[in-house]
Amino acid sequence: MCCGIIGVLAIDGGSVAHVIRESLKRLEYRGYDSIGVATKYNGRLYIKKDKGKIDEIHRKLNLDALPGDIGIGHTRWATHGEPSQVNSHPHTDCKNQIAVVHNGIIENFLELRKELIERGHKFKSATDTEVIPHLIESFIEDGYTLEDAVQSTLAKLHGTYAIVVLYSHLKKLICARKESPLILGVGERALYCASDIPAFLPMTNKVLFLNDGDLAILQGGEIQLRRIQSFSSPIQIRKPVLIDWTPEMAQKGGMPHFMLKEIHEQPKAVQNTLRIRTEEIDRLVKLLNEANEIILTAAGTSYHACLYGGYLFAKLAKINSQQIISSEFSEKIGETLTDKSAILAISQSGETSDTLNAINYARNYGAKISAITNVVGSSITRSADYFIYTLAGPEIGVAATKTFLVQITTLALLGLTLAEIRGILNNSEVQDLRQQLFNIPKLIEQVIEKREDSIKVTADLLAHKPNFLFLGRGINTPTAMEGALKLKEISYIHAEAYPAGESKHGPIALIEPDFPVVFIAPQDNTFDRIVGNIMEMKARGARIISVTDSRKIHDLSDHTFWVPKGVPDIFTPLVNIVPLQLFSYYSAVRRNHNPDKPRNLAKSVTVL
Ligand code: AGP
């Protein structure tokens, strides 16, 4: 999901540096904050790496000049350690004989790093990855072969990884995967391993898919496969599959747009975000809990996440908070802030000027500033006293989808801990909810798998409508608002959202026969009242589209976007937003708009 890796072994002895650079260029959509390449030549490693985009770095360092017929490369989307030269991959051991590129997260890296430092290893970076070459080094010093050293290293790692290992003394690449993507390309003149097909597609369309837990050894023209867990003999090599995608299709995982790909990546993005370290959650919770008041601030979709946070903190942890749109922050809050105020700013890009401005305003009053962002090293991390990174990986589509889900996932984690330390829920209640939260990625996957086709049919039917009303109650009011924003920003259909109870105070005047009204209607404590709101709309001839797990609502609806039953009320927005994202996407496509690049909008808005 984040970071792109590549390994190239030229069977014919040709030089590989330019091949690696061009592959990285095609993987740039997976991460673009730093680049690095390592090659092996005459028994030593040559490495060039730096922070920045590939073309800039190539202009500065001339990556193609690296010598050798075997090498590895990496394009980074930082998760541990700011984008910088030292934190860029490849990472090496103490003697610069082993170079590793990695995509994933090593959860126990702090413990491993401490052990290695005690044994005399010298670390250069702040990354989780660097423990890998040092561990391999220590096993090789103990007399292991390279493949056994890699295998023993992997056995010590907790977390996720796709890695490629290059060793100065052998023309051999070792690669392995656990819950991060890695595939092999089988060319006439070279073998490849990479995060994704576009990396090597211009050279070969023969792809060998690795299973989770596979380790592959590339040497000569041969590929050998093993299982990471068993040191026994090689397993049988699978047959390569022929791919008929264009490189552009391949970048989008075979999907027509990044937005659709990113919607499909949501189960994984939420799963990764649920792995945020407990200590990180605890630190932010401490900051919030010690404050006299909590104010959440953001813009656009991130503001909708703030609204969710407001409902969640109140329901779960009995904490009142304010949510303020960042561009309104100073006007709304006036001079009421103190050094006991806590600000929680949310921004996927970490660069939104309105949000940074709100933070700066609050800082003048001595308020404590915390932030949630998806971009490591972004401006918001420098403005905040404390921040948490969500782990969605890069989002290319201008419309926020997976970054919204990981923001609300992070808020759910914060809410659970707040509830526990404030004694509102006991440990077993928290564990029970946490368990159910960890089940959400599976449910999101089900919604996408089972409902996408019928949502597309509904979008095709309704995409000509000029206006939509979105209504929700309670914790799904922000879901309605986010659903309306998605539809409006990519399909250019006018959409308004309201708390359903408010509809009778004005918006209902808009309703005429066949006017589409979208209800977010889970079976929670607001159920009876939302049924009443649906009846009011039906009585005026509205066309009802519902996101629901209830047969009763289905019977009242013209179109139903089914979601799974049994999700705890406070987590339903995590599932309920998904059909609305798909509906917006297919409406935009039906209207012949490019959902990845909506007119007049930018991915990060750096003007006030
Ligand atoms: C979302 O789909 C929008 N394009 C936009 O509203 C966005 O959420 C807003 O500009 C805030 O961005 P941020 O999360 O990067 O701060």
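Remember, it's 1-based here, ligands and their atoms both numbered in the order they're listed. Just so we're clear, the structure is a prediction, and the values are computed from it rather than from any experiment. Position 1 is the first residue of the sequence; numbering continues from there.
Protein heavy atom closest to atom 15 (O) of ligand 1, with residue, atom name and distance, is S349 OG, 2.6 Å. In this structure, atom 12 (O) of ligand 1 lies nearest to the protein heavy atom T352 OG1, 3.4 Å. Of the protein's heavy atoms, A299 O, 3.3 Å lies nearest to atom 11 (C) of ligand 1. Here the protein heavy atom with the shortest distance to atom 8 (O) of ligand 1 is T301 N, 3.0 Å. In terms of protein heavy-atom proximity, atom 10 (O) of ligand 1 is closest to V605 CG2, 4.0 Å. Closest to atom 6 (O) of ligand 1 among all protein heavy atoms lies G300 CA, 3.2 Å. The closest protein non-hydrogen atom to atom 4 (N) of ligand 1 is E489 OE1, 3.1 Å.
Contact of the E290 side chain with the K368 side chain is not registered, since no non-hydrogen atoms from C-beta on lie closer than 4.5 Å.
Ring-plane geometry between Y32 and W77 is classed as perpendicular, the angle between the planes exceeding 60 degrees on a 0 to 90 degree scale with a lower cut at 30. Between Y361 and F329, the ring planes lie perpendicular to each other; the angle is over 60°, past the 30° to 60° tilted range. In this structure, F258 and Y29 have tilted ring planes: the angle between them lies in the 30° to 60° band.
Atom numbering of ligand 1 starts at 1 in the shown order; those under 4.0 Å from a heavy atom of S302 are 8 (O), 13 (P), 14 (O). Atom numbering of ligand 1 starts at 1 in the shown order; those under 4.0 Å from a heavy atom of A400 are 1 (C), 2 (O). Atoms of ligand 1 found under 4.0 Å from any heavy atom of A399 (numbered from 1 in listed order, with element): 2 (O). Residue V398 approaches ligand 1 through these ligand atoms, each under 4.0 Å from one of its heavy atoms: 2 (O), 4 (N). Atoms of ligand 1 lying under 4.0 Å from any heavy atom of S347, numbered from 1 in the order shown and given with element: 13 (P), 14 (O), 15 (O), 16 (O).
Counting heavy atoms of neighbouring residues, nucleotides and ligands inside a 6.0 Å radius, atom NZ of K488 exceeds 12 of them.
The CD atom of E489 sits 13.0 Å away from atom NE2 of H593, with the distance rounded to the nearest 0.5 Å.
Residue contacts with ligand 1, taken as heavy atom pairs separated by less than 4.0 Å, do not involve E351 at all.
With K402 contributing its side chain and P394 its backbone, the two residues share a donor-acceptor pair below 3.5 Å.
Y492 does not carry R591 over the face of its six-membered ring by the limits of under 6.0 Å from the centre and within 45° of the normal.
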Might you work through the side-chain contact (heavy atoms from CB on, under 4.5 Å) test for V547 and N476, ending with a clear yes or no? CA-CA 11 Å; V547 176; N476 276 291; over 6 Å; no
